[in-house]
There are 2 protein chains.
Amino acid sequence: MKAEALKGHLDALLLATVDGGAEYGYAIREVLRTESGGEFDLPTGTIYPALYRLERGGLIVGQWTKVGVRRRRRCYRLTPAGRRALVAQRASWSKFSTAVSSVLLQERTWSTTT
Amino acid sequence: MKAEALKGHLDALLLATVDGGAEYGYAIREVLRTESGGEFDLPTGTIYPALYRLERGGLIVGQWTKVGVRRRRRCYRLTPAGRRALVAQRASWSKFSTAVSSVLLQERTWSTTT
DNA sequence: GGTTATGGCTAGCATTGCTACTCATAGGCG
DNA sequence: CGCCTATGAGTAGCAATGCTAGCCATAACC
């Protein structure tokens, strides 16, 4: 996958993943990789700053939790605004992907590309 | 449509459009708007630099043509490399959109987002 | 004559995801 | 015990790319 392909769509993916239960960066990464059939194998340098952005934007809220004795996780949940954003992003993705597909995958009658 | 949504996909759209006959910037814009159902209403500041990039990359070749008396158009055709790129981009788009959709539009059993 | 459509172009910006690290705890294994 | 891997989080700086906001010219229409 080209590096730029994700641009503008990552937020939606993260919101959708977080919506699937209280999640944290590391787990989100695994879930994204699995659910995407391996397409999205995102570096942590992509995940964490993005979560940060979403939190700053008020779409998710993070909370430190303890794992074991001195291990910590930052768990995120969607805010109401985040939930609305997710709905909007899904709709937006549908429109976008439909549009791209209709341009890209269109059958052309004169498509005997000489 | 968010500004960044297109990133990484514009080249494919342009290649596909140029593949639909010898086209030039202005016409490409119209075709994209029409075929996308209005989703892609791209400013010329997006189109022309992008065509330039594609030409520099050897995926299309441009040629000035005269329209009327002293009007000019830069008409583009796909090169063999461009045609190969288009095939690759279509495949890549399919994989990408499938992946995004499976993350975004997935039905979750526990989706009663409390 | 003035407005709109056709046609092309550019400098500089803003956003965003990636690269390439750092740091720490925990568990497994020779 | 010492090393390697997995888990978990983070950052500075970069590169790419599409957009903003302009510019210019010809042609057509009223």
Side-chain angles (χ1 to χ4, degrees), chain A residues 1-15 18 22-34 36 39-57 59-60 62-76 89 96 99-100, chain B residues 1-15 18 22-34 36 39-57 59-60 62-76 89 96 99-100:
Chain A
M1 188 187 57
K2 269 184 63 187
E4 296 81 17
L6 214 52
K7 295 213 175 183
H9 307 289
L10 178 60
D11 290 8
L13 295 176
L14 292 178
L15 288 176
V18 171
E23 301 276 10
Y24 50 99
Y26 195 89
I28 291 172
R29 222 182 136 220
E30 302 301 309
V31 170
L32 275 179
R33 182 165 43 213
T34 308
S36 71
E39 262 290 290
F40 305 139
D41 194 0
L42 308 181
T44 69
T46 291
I47 300 280
Y48 293 111
L51 288 172
Y52 214 64
R53 264 206 310 272
L54 290 176
E55 187 168 24
R56 261 198 342 251
L59 302 185
I60 59 179
Q63 184 184 343
W64 286 109
T65 58
K66 274 226 190 85
V67 181
V69 186
R70 76 190 86 211
R71 196 113 180 217
R72 61 195 187 129
R73 263 183 205 156
R74 185 122 180 110
C75 284
Y76 292 99
Q89 302 249 34
F96 176 76
V100 173
Chain B
M1 187 187 59
K2 269 185 61 188
E4 295 81 17
L6 213 53
K7 293 210 178 187
H9 307 290
L10 178 60
D11 289 8
L13 295 176
L14 292 178
L15 289 176
V18 171
E23 301 275 10
Y24 51 98
Y26 195 90
I28 291 171
R29 222 183 137 218
E30 302 303 308
V31 170
L32 275 180
R33 182 165 44 215
T34 308
S36 70
E39 263 289 293
F40 305 139
D41 193 1
L42 308 182
T44 68
T46 292
I47 300 280
Y48 294 111
L51 288 172
Y52 213 64
R53 263 206 312 272
L54 290 176
E55 187 169 25
R56 261 201 339 253
L59 302 185
I60 58 179
Q63 184 184 342
W64 287 109
T65 58
K66 273 225 191 88
V67 182
V69 186
R70 77 191 85 209
R71 195 117 181 212
R72 59 193 189 131
R73 259 183 209 158
R74 185 118 181 116
C75 284
Y76 293 99
Q89 303 248 33
F96 176 76
V100 174

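Convention: sequence-line order gives letters A, B, ...; per-chain numbering from 1.
Evaluation of atom-type donor-acceptor distances gives no pair under 3.5 Å for the side chain of B:Thr44 against the base of C:dG7.
Closest-nucleotide positions on DNA chain D for A:Glu4 and A:Cys75 were compared, and the one nearer the 5' end corresponds to A:Cys75. Remark on DNA chain C: of its neighbouring residues B:Glu30 and B:Pro49, the 5'-side contact belongs to B:Glu30, judged by nearest-heavy-atom nucleotide. Residue-to-nucleotide proximity on DNA chain C shows that, of A:Val69 and A:Leu10, the 5′-proximal contact is made by A:Leu10.
Salt bridge absent: B:Lys7 and B:Glu4 never bring a charged side-chain N and a carboxylate O closer than 4.0 Å.
Distances shown here put every side-chain N or O of B:Tyr48 at or beyond 4.0 Å from the OP1 or OP2 atom of C:dC9. Residue A:Arg72 places no side-chain N or O under 4.0 Å from the OP1 or OP2 atom of D:dG8. For A:Tyr52, no side-chain nitrogen or oxygen approaches OP1 or OP2 of D:dG10 to under 4.0 Å.
Within the 4.0 angstrom heavy-atom criterion, base atoms lie near A:Gly45. Residue contacts shown for A:Gly8 are limited to sugar-phosphate atoms, with no base heavy atom under 4.0 Å away.
When the nucleotides C:dG7, D:dA16, D:dG10 are ranked by their closest atom to the side chain of B:Val67, C:dG7 comes out on top. When distances are taken from the side chain of A:Leu6 to each of D:dA16, C:dG8, C:dG17, the shortest belongs to C:dG17. For A:Arg53, the listed nucleotide lying nearest its side chain is C:dG17; candidates were D:dG18, C:dC9, C:dG17. For A:Tyr26, whose side chain is taken as the heavy atoms from C-beta onward, the closest listed nucleotide among D:dA9, C:dG17, D:dG18 is D:dA9.
In this structure, A:Leu51 places its CG atom 13 Å from C1' of C:dG17, rounding to the nearest Å.
Using modelled atom types and a 3.5 Å distance limit, the side chains of A:Tyr24 and A:Arg73 yield a donor-acceptor pair.
By the 30° and 60° cut-offs, the orientation of the rings of A:Phe96 relative to B:Phe40 is perpendicular.
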